[in-house]
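Bear in mind the structure is a predicted one, so any value in this text is a computation, not a measurement.
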Amino acid sequence: MRLAVIGIFLAGAGVASAANLAETQKLLARIKSVSEEGAGNQEAGAAWKDLVLSGGDALLPTIAAIDDASPVAANWLRSAVNALAEKEKAAGRNLPVERLEAFAKDTKHAPAARRIAYELLITADPKAPERLLPGFLNDSSGELRRDALAAEIRKADRHEGEKAKREFGRLFAYVRDPDQAEEIAKTLDTLGARPNLIAHFGVVTKWMIAGPFDHEMGATFDKVYEPEKKVDLAAIYTGKGGAEVRWKHHVVEPDPKKLKMDELGIVDLNAVLGKHKNATSYAYAVIESDKEQPVEIRLGCIVAVKLFVNGKEVFAREEYHHGSGFDQYRVPVTLKAGKNDLLVKACQNDQKEPYAQVWHFMARVCDATGGATPVKVVTPEK
């Protein structure tokens with residue numbers, strides 16, 4: 001627990017809070033030590049009971065403990081927060097509204113922890129959303145941002161004509177969730193404005209494609225073809241059935257009339273390479289960044305997929321025709337200053353069902369909130 005955070009808890013707390021804080025931290029540490037495989041569950045359960053019995057002074061420290069907790073430990077901590085809050089209400093004691101509000105607004109805390117503080121706050125202070133949501137429009141917490149945007153959309157719906165266009169145009173800059181993006185984009189379209197979804201979400205549309213190469217489901221997903229060793233756009237490869245394979249330039253041309261997020265930036269490999277089964281393809285793009293920076297590469301792919309960044313495999317999922325969608329996979333990476341190579345390997349299987357004939361993927365480069373990062377796609381044609 002950070003000392004600054006502990007100081008917040010002690011500020012305004014009674015002597016009992018200060019005396020009990022060390023014990024609370026011990027209990028939280030025992031809960032957070034539970035492993036992903038479930039080791040330590042018994043000890044965590046005992047600590048959970050003691051934590052809940054310790055009273056309301058443990059509420060804020062427990063929320064803060066979610067900041068760096070594993071997913072399994074976070075579940076224990078969330079239930080402890082709920083139990084502590086219920087006990088306070090049952091005893092007729094008010095929740096610490098001011099401290100919950102300060103916590104919810106503090107972006108140093110994890111988005112999940114801030115969301116929990118906010119949800120407790122609004123149960124104790126129904127006017128809090130009106131006061132806080134406008135400040136969450138550009139928040140690092142996706143859930144708080146979503147709530148803020150939903151409230152602003154309701155307000156914008158009351159307007160017509162140019163004022164409505166201005167309001168929805170303003171809100172588009174903050175949107176991150178696909179359903180809200182579609183809603184705003186369609187509204188703007190009816191008002192005579194067409195937002196650039198591709199640019200807003202950082203979708204990669206310029207690719208070099210190579211394939212098909214042989215692929216046998218379950219046997220060759222990890223087979224290393226030449227593009228994985230080195231991308232040479234002038235190379236001629238031996239592909240599926242001994243056919244000659246060269247790199248092809250492909251640009252995704254978005255249909256301005258289609259505003260469905262699941263179709264945004266789709267690379268249809270059947271259209272580029274022809275329809276093939278038991279086939280592997282590679283798609284290559286170059287991303288230029290003016291500085292070293294953390295980003296997320298977000299993928300949607302209906303077949304087995306691997307992602308390589310600057311020659312290093314950073315993601316793999318061998319799954320076929322179980323659906324795909326916008327931001328299906330999120331892969332945190334660090335781009336170096338200058339040019340960065342992205343390579344997507346998409347493998348089709350041999351299923352005969354009509355739904356299994358689809359062979360496509362999409363990719364985008366964004367920040368942790370889902371907004372486009374300031375990078376350029378500079379994929380060479382050859």
Side-chain angles (χ1 to χ4, degrees), residues 1-13 17 20-36 40 44-45 47-48 50-52 54-89 94-125 128-129 131-151 176-177 294 296 330 332 367-370:
M1 183 70 63
R2 294 187 297 271
L3 291 177
V5 174
I6 293 174
I8 291 173
F9 300 146
L10 293 178
S17 294
N20 292 335
L21 184 61
E23 181 60 27
T24 296
Q25 296 305 316
K26 290 179 183 178
L27 295 173
L28 291 171
R30 285 165 59 191
I31 292 173
K32 291 168 72 174
S33 67
V34 66
S35 74
E36 297 292 330
W48 187 95
D50 290 341
L51 181 66
V52 173
S54 65
D57 289 331
L59 182 64
L60 267 295
T62 303
I63 298 174
I66 294 172
D67 280 350
D68 57 356
S70 70
V72 173
N75 286 336
W76 284 94
L77 295 169
R78 286 190 194 97
S79 65
V81 169
N82 291 337
L84 285 164
E86 288 302 318
K87 283 193 67 175
E88 290 299 284
K89 293 176 185 177
N94 295 326
L95 294 179
V97 170
E98 291 184 2
R99 293 165 67 200
L100 286 169
E101 180 166 334
F103 192 105
K105 292 164 65 175
D106 188 350
T107 57
K108 294 185 180 68
H109 290 294
R114 293 174 59 216
R115 175 69 183 188
I116 290 171
Y118 175 75
E119 289 179 350
L120 285 179
L121 171 64
I122 62 178
T123 65
D125 181 4
R131 185 171 65 251
L132 296 183
L133 286 180
F136 291 151
L137 267 177
N138 197 31
D139 202 88
S140 56
S141 166
E143 291 188 3
L144 293 176
R145 178 193 289 257
R146 180 182 177 83
D147 282 2
L149 202 57
R176 297 294 183 269
D177 288 347
E296 290 186 4
R330 297 172 56 166
D367 61 25
T369 73

Check whether any side-chain heavy atom of H109 lies under 4.5 Å from a side-chain heavy atom of I66, and answer yes or no.
-> no
Go through L51 and R30 one step at a time and tell me if the side-chain contact (heavy atoms from CB on, under 4.5 Å) criterion holds.
-> CA-CA 10 Å; L51 181 66; R30 285 165 59 191; over 6 Å; no
For the residue pair Q25 and P61, what are the closest heavy atoms and their distance?
-> NE2-CB, 3.9 Å
Mark yes or no for whether W48, through its side chain, and W76, through its backbone, hold a donor-acceptor pair below 3.5 Å.
-> yes
Of D125, L100, L60, the residue whose pairing with L95 passes side-chain contact (heavy atoms from CB on, under 4.5 Å) | L100
Value rounded to 0.5 Å, distance of CG in D139 from OG1 in T107 | 7.0 Å
Among all residues two or more places apart in sequence or in another chain, which pass the salt bridge (charged side-chain N to carboxylate O under 4.0 Å, His left out) test with R146?
-> D177, D179
How many angstroms lie between CG in D147 and CG in L137, if you round to the nearest 0.5 Å?
-> 11.0 Å
To the nearest 0.5 Å, atom CG of L120 lies from atom CG of N82 at 7.0 Å
Check F136 against R114 and note the closest heavy-atom contact, atom names and distance.
-> CE2-NH2, 3.7 Å
Partner set under side-chain contact (heavy atoms from CB on, under 4.5 Å) for S35, not counting sequence neighbours = E37, A39
The reported gap from CZ in F103 to CG in L121 (rounded to nearest 0.5 angstrom) is 12.5 Å
I would like to know whether E296 and D367 meet side-chain contact (heavy atoms from CB on, under 4.5 Å); could you show each step before the answer?
-> CA-CA 6 Å; E296 290 186 4; D367 61 25; over 6 Å; no
Atom pair NZ (K87) and CG (L59), whose distance is rounded to the nearest 0.5 Å | 12.0 Å
What residues, two or more places apart in sequence or in another chain, satisfy side-chain contact (heavy atoms from CB on, under 4.5 Å) together with E143?
-> R115, S141
Is the number of heavy atoms from other residues, nucleotides or ligands under 6.0 Å of K89 NZ greater than 12?
-> yes
Shortest non-hydrogen contact from S140 to T369?
-> CA-CG2, 4.0 Å
Rounded to the nearest 0.5 angstrom, the CD1-OG distance for I31 and S70 is 11.5 Å
Of the options D106, L132, I122, which is the one that meets E101 in a side-chain contact (heavy atoms from CB on, under 4.5 Å)?
-> L132
Nearest atoms (heavy-atom pairs only) where K32 meets A73 = CA-CB, 3.7 Å
Compare every heavy atom of G55 with every heavy atom of L84, then report the nearest pair and how far apart it is.
-> CD2-O, 3.3 Å
Which pair of heavy atoms, one from A74 and one from A69, lies closest together, and at what distance?
-> N-CB, 4.0 Å
